[in-house]
Structure formats: C-alpha cells, structure tokens
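Proteins get letters first, then strands, A, B, ... in listed order; numbering begins at 1 in each.
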Amino acid sequence: DAEITQSPRHKITETGRQVTLACHQTWNHNNMFWYRQDLGHGLRLIHYSYGVQDTNKGEVSDGYSVSRSNTEDLPLTLESAASSQTSVYFCASSEQEGTEAFFGQGTRLTVV
Amino acid sequence: DQQVKQNSPSLSVQEGRISILNCDYTNSMFDYFLWYKKYPAEGPTFLISISSIKDKNEDGRFTVFLNKSAKHLSLHIVPSQPGDSAVYFCAASTAGGTSYGKLTFGQGTILTVHP
C-alpha cells in the first residue's frame with residue numbers, strides 16, 4: 001500500500017544545532033507539505049512543494065528550509081534550532097489537483 | 001489573524017447521541033472545506049469535505065453543513081460512538097489556482113464520547 005512516512009518519530013536536539021526531518025511518500029504525489037502543530041494554533045503551514053525543484057514558503061517559514069530533488073522526498077531542515085521550534089511536525093502529500101492532503105504520523109521535536 | 005476558528009476546545013457527548021462540531025471562517029476566498037480526525041500520536045486523517053457550491057455533504061454517520069452567508073460550517077456525527085473520541089480539525093482551502101492542498105486549519109476540538 002502507498003504511504004507517507006516520517007523519520008524520526010521523536011527527536012531531542014540542542015539549541016543552535018541543525019536538524020533535518022525526513023518525509024517520504026510512495027503515492028507519487030506532486031504536492032508535498034510540512035505543517036507544525038501547536039496547542040491553540042492547530043496546524044500551520046511551514047513550506048510546500050508542487051513538484052521537483054519547486055519550493056514555497058508557508059505561513060511560518062522563518063528558520064526552516066526544504067528541498068525537493070525527487071518526487072518522493074521533502075526533507076525539512078531547521079538551520080539553527082530554537083526552543084520556539086519545539087513542536088510536532090507533520091508532512092503531507094496530495095495529488096496534482098487534489099485538495100485532500102494525506103498526512104504522515106508526525107515527528108515530535110524537542111529543542112533544549 | 002486566525003482565518004479558521006473552532007471556538008469550542010472540547011465537547012463531551014453520550015454514546016448514541018449527536019455530536020455537533022462547529023467551525024467559522026473569515027476568508028471569503030475559501031471555497032473548499034474539510035474535516036480531519038486525529039488520534040494521539042497519529043497524523044490527521046481525512047474525514048469528509050464539502051465544496052462551496054453545496055450546503056450539505058453526507059457520508060455514513062458524518063454530515064457536514066455549510067452556511068456560506070454566515071461563513072460557518074458544522075460536522076454532525078450521528079450516532080456518536082466511543083471510537084469517535086479524537087481531536088477534530090476543520091480546514092479550508094482555495095481549491096483552484098495554485099493553492100492545491102494548501103490547507104488553513106482551525107485550532108481543533110477534542111471530542112469525547114462516553115459509553
């Protein structure tokens with residue numbers, strides 16, 4: 001079955017370190033997204049991509065970057081981790097002209 | 001500015017009764033609305049959606065109602081079951097143009113269904 005997987009599921013890192021969260025999908029979806037979930041805010045869009053070599057900033061993109069070198073993967077990099085980036089991160093994908101996004105299981109990141 | 005709002009952080013209902021979850025939005029450009037369900041330690045899963053050209057969409061026990069003039073939508077679950085206990089997120093999108101899959105979420109409502 002096609003799926004979307006995130007790794008690691010849990011990560012603890014120190015302030016100032018660079019961290020990369022992986023996202024891999026086997027649906028062959030062109031559209032991929034990164035969201036963060038925080039209490040009181042729901043899910044907020046960090047970055048998104050509509051295809052290889054395409055990346056776009058979302059609502060809360062400061063301090064994050066993404067790259068899209070193939071259809072399957074959209075890694076999220078925190079350039080210099082800050083305590084404010086402690087959150088649960090979700091990757092999602094959708095079809096070319098689809099609106100329903102399918103989510104991974106999430107990565108809980110703690111910055112100490 | 002929160003463009004999609006779920007003003008009830010939590011809702012508690014008895015098994016077999018109706019659950020009604022509410023959502024309000026401010027952006028009149030939104031033309032597609034979705035509900036997601038989320039269990040602890042899992043990702044959100046798509047539940048049901050509605051296009052702005054409709055005012056109702058039904059799927060089994062789940063019905064979503066859209067009132068465009070009031071910028072309000074609601075999710076009805078009938079009858080409610082203990083397995084429905086989860087966090088429910090309302091989301092909105094502009095389905096056309098270059099916004100495919102970009103969702104704006106509400107804060108979520110924790111639904112607890114008591115046996």
Using non-hydrogen atoms only, which part of [X] is less than 4.5 Å away from chain B: side chain, backbone, both, or neither?
X: A:L45; value: side chain
X: A:E59; value: neither
X: A:R9; value: side chain

Please give me the minimum heavy-atom distance between A:A101 and B:Y36, naming the atom from each residue.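 For A:A101 versus B:Y36, the nearest heavy atoms are O-OH, 2.7 Å.
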Looking only at heavy atoms, what is the nearest atom pair of B:Q2 and A:H41, with distance?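 Looking at all heavy atoms of both residues, the shortest contact is NE2-O, 4.1 Å.
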Do A:E100 and B:Y32 get their side chains close enough for a donor-acceptor pair, meaning under 3.5 Å? yes
Do any N or O atoms from the side chain of A:Y35 and from the backbone of B:F105 form a donor-acceptor pair under 3.5 angstrom? no
Just checking [X]: does its [atom1] atom have more than 12 heavy atoms from other residues, nucleotides or ligands closer to it than 6.0 angstrom?
X: B:I18; atom1: CD1; value: yes
X: B:R61; atom1: CZ; value: yes
X: A:R44; atom1: CZ; value: yes

[X], [Y]: one ILVMFWY side-chain cluster at the under-4.5 Å cut-off?
X: B:V113; Y: B:I20; value: no
X: A:F90; Y: A:F33; value: yes
X: A:L76; Y: A:F103; value: no
X: B:V4; Y: B:L34; value: no

Max heavy-atom pair count under 4.5 Å with chain A, selected residue of B:G106, B:P9, B:C90, B:G43: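 The candidate making the most pairs under 4.5 Å is B:G43.
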Among A:M32, A:Q6, A:Q37, A:R108, single out the residue with the greatest number of heavy-atom pairs under 4.5 Å to chain B. A:Q37
